[in-house]
Structure formats: structure tokens, C-alpha cells
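First comes the structure, then the notes that go with it.
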Number of protein chains: 2
Amino acid sequence: MPTSKADKAESLNNMPLIAMIKLIGGKYKPLILWRLMTGTKRYSTLRKEIPCATAKMITQQLRELEADGLIKRTVYPVVPPKVEYTLTPQGESISPVLQTMYEWGQKHLQTNQPIKTKT
Amino acid sequence: MPTSKADKAESLNNMPLIAMIKLIGGKYKPLILWRLMTGTKRYSTLRKEIPCATAKMITQQLRELEADGLIKRTVYPVVPPKVEYTLTPQGESISPVLQTMYEWGQKHLQTNQPIKTKT
DNA sequence: CGGTATCCACCTAGATACTG
DNA sequence: CAGTATCTAGGTGGATACCG
């Protein structure tokens, strides 16, 4: 059974990483998940905690995370509207990854000068 | 001592994550670093191991990684040309992050159906 | 071998205004 | 409150051709 170039490429153990990147590769996704790790949050709370992202972005990323089964969106039929976001078990299982990223970032920020912003 | 909105936002412990994302947020950067974790690689080798990225992309990402001090580029003045890429200590320090990402991806791919491609 | 240069289709993400 | 709609500048990344 011949191995195609693509197969060979993907069997180089790249797939898990690729899968991961697809899930949390979004610019603000790690941030959102990170914030939700401390518990259920309302939309407006998330916005406040991630002010560098616009409403549109937050919403978009939340929808994608929801579609990927990482978070759950709960709408309370009250007025004024209330929407809460929670990590699903799937989403919670990413904690170690975020934790590791966070710790590395922390160490890096201590020992090095601030990361230069690209652009 | 008053905390500005921006300060408050960034003091929510988002910074380390943001730093991390800036460094390895590039589409192929985790892949490149991951590949280099198994040792020094030539440019052509990297290209073969990450066929989903074009030459332009690989080169670009390599340059950024180099600029960020994560990898070292060594040119051997021979003919035909030979260029090798190696992780710097800084780059190696990211291993745990990639490792964690990889492991999560692996587990996820086992228990779940393939990640659906966005778009 | 290890790139660069150029062109271009798409995508991203911000700003702004509006809604149930 | 929690979005959606629209427009748009700028960035991303693929294809292709060429170079030292």
C-alpha cells in the first residue's frame, strides 16, 4: 500500500498539532477560553475582559468555539437579554494547553523584553 | 492607585497568552517548531515535512521565528547551497507547549471525529 | 539548493450604524 | 444587553516565474 505524499506528510505526526491550531488558532480563542476557565461568563463580561477584540470578533470567535463544541451558549429569555458562555467538558480539557501557554508566556515576559508587536 | 481600563484589561492575566499567540500564532509556526524539535533540519527537509505550506510561507515563517529568536539560521557557503535551521534555547523552551498541544490533539483525534475544517 | 519577486483572489478584522 | 449589517483597508497566502 503506497503512501501518497500527502499521507506521508500528515503521518509525520503533524495532525494533532494541525487539529489543535484549527481549534484554538483563532486570534482571540485562547483568550476567550482562558477567561472562561475561571467560570461561566456573560457576553458583556467577556467583552470587558478582552477589550482588544471588537464585539464582532468576540461574537464570531464564540460562535466558532460553540460550533466546535468547546463552549456552550445559554440564552436566558429575560429582559434585558442575558447570555452566558460556559466551557463544555471538551473545552475544559484544553485547560492544560492554555495553562502551559500561559506559564511559558509568563516566564518569557519576565526574562525578556516585551514581545515586539508585529506590524 | 486607580487602574485604567487598559491596565485592568491587561492585568487580567491575558498578557502571557497574548505574547505566546504572537510568537507561535502564525499558521505554520507550531508545525515548524515541532519539526525542529527532532533536531536541526535543512530547508528542503522542512518543506517536505510540511507540504501544506508553500515555499513562500515556510520562508516567511522561518524569518519571523528567527527574528523572534526562536530559531537559528545557518548558511553553509558550499555549492549547492545548504541552509540549516535549529531551535535556539528560547525555541526549545517552547517544547512543553507544543508537547501539550500535540497530546491534546492526539487525544481529541482519538475520541472525536476529525476536526471539521473551518470555512 | 534555497530562496525571491510579482501578481492577485480571498479573508480578516476594524469602524460604524442599527436592532430585538 | 447582546448582538447583526455593511463597508472597507489591509493582510494572508497561493501560483508562477525567476535568481545566485
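Here the structure is a predicted model, which is why all the values come from computation and not from measurement. Keep in mind that the numbers below use all heavy atoms, side chains included, and drop hydrogens, waters and symmetry copies. Below, chains carry the letters A, B, ... as their sequence lines are ordered, and counting in each starts from 1.
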Study note, to complete from the structure: Given protein heavy atoms under 4.0 Å, the one-letter contact record of nucleotides 14-20 of chain C, with B base, S sugar-phosphate only and - none, is simply BB----B
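A donor atom on one side chain and an acceptor atom on the other are found under 3.5 Å apart for B/T38 and B/K41.
In this structure, CZ of A/R73 is placed 8 Å from C1' of D/dG3, rounded to the nearest angstrom. Atom CG in B/L62 sits about 11 Å away from atom P in C/dG2, given to the nearest Å. One can place CG of A/L46 at 12 Å from C1' of D/dA2, the figure rounded to the nearest angstrom. In this structure, B/I32 places its CD1 atom 14 Å from C1' of C/dG2, rounding to the nearest Å. Rounded to whole angstrom, the span from the CZ atom of A/R47 across to the P atom of D/dC1 amounts to 11 Å. Between the NZ atom of B/K48 and the C1' atom of C/dC1 there is a distance of 10 Å, given to the nearest Å. In this structure, A/I21 places its CD1 atom 12 Å from P of D/dG13, rounding to the nearest Å. When rounded to the nearest whole Å, the span between NZ of B/K41 and C1' of C/dG2 equals 17 Å.
Between B/Y43 and C/dT4, a side-chain N or O to OP1/OP2 separation shorter than 4.0 Å is absent. At D/dC1, none of the side-chain N or O atoms of A/S44 fall inside 4.0 Å of OP1 or OP2 (strictly under the cut-off). Dashed line: the shortest gap from a side-chain N or O of B/R63 to OP1 or OP2 of C/dG3 is under 4.0 Å.
Rounding to the nearest 0.5 Å places CH2 of B/W104 at 5.0 Å from CD of A/Q90. Between atom CG of residue B/L98 and atom CD1 of residue B/I24 there is a gap of 5.5 Å, rounded to the nearest 0.5 Å. In this structure, CZ on A/R35 lies 10.0 Å from CE on A/M37, to the nearest 0.5 angstrom.
Ring geometry for A/Y43 against A/Y85 counts as tilted: the plane angle lies between 30° and 60°, on a 0 to 90° scale.
For B/T86, the side chain to side chain contact (heavy atoms under 4.5 Å, CB included) partners two or more places apart in sequence, or in a different chain, are B/T40.
Closest to the A/V83 side chain, of the nucleotides D/dG3, D/dG13, C/dG2, is D/dG3. Distance from the side chain of A/R42 is smallest for D/dC1 among the nucleotides C/dA13, D/dG3, D/dC1. When distances run from any side-chain atom of B/Q60 to the nucleotides D/dG13, C/dC1, D/dA2, the shortest one goes to D/dG13.
Within 4.0 Å of A/Y76, counting heavy atoms only, lies no atom of the nucleic acid at all.
The hydrophobic clustering, which links ILVMFWY residues whose side-chain heavy atoms are closer than 4.5 Å, places A/V83 and A/V79 apart.
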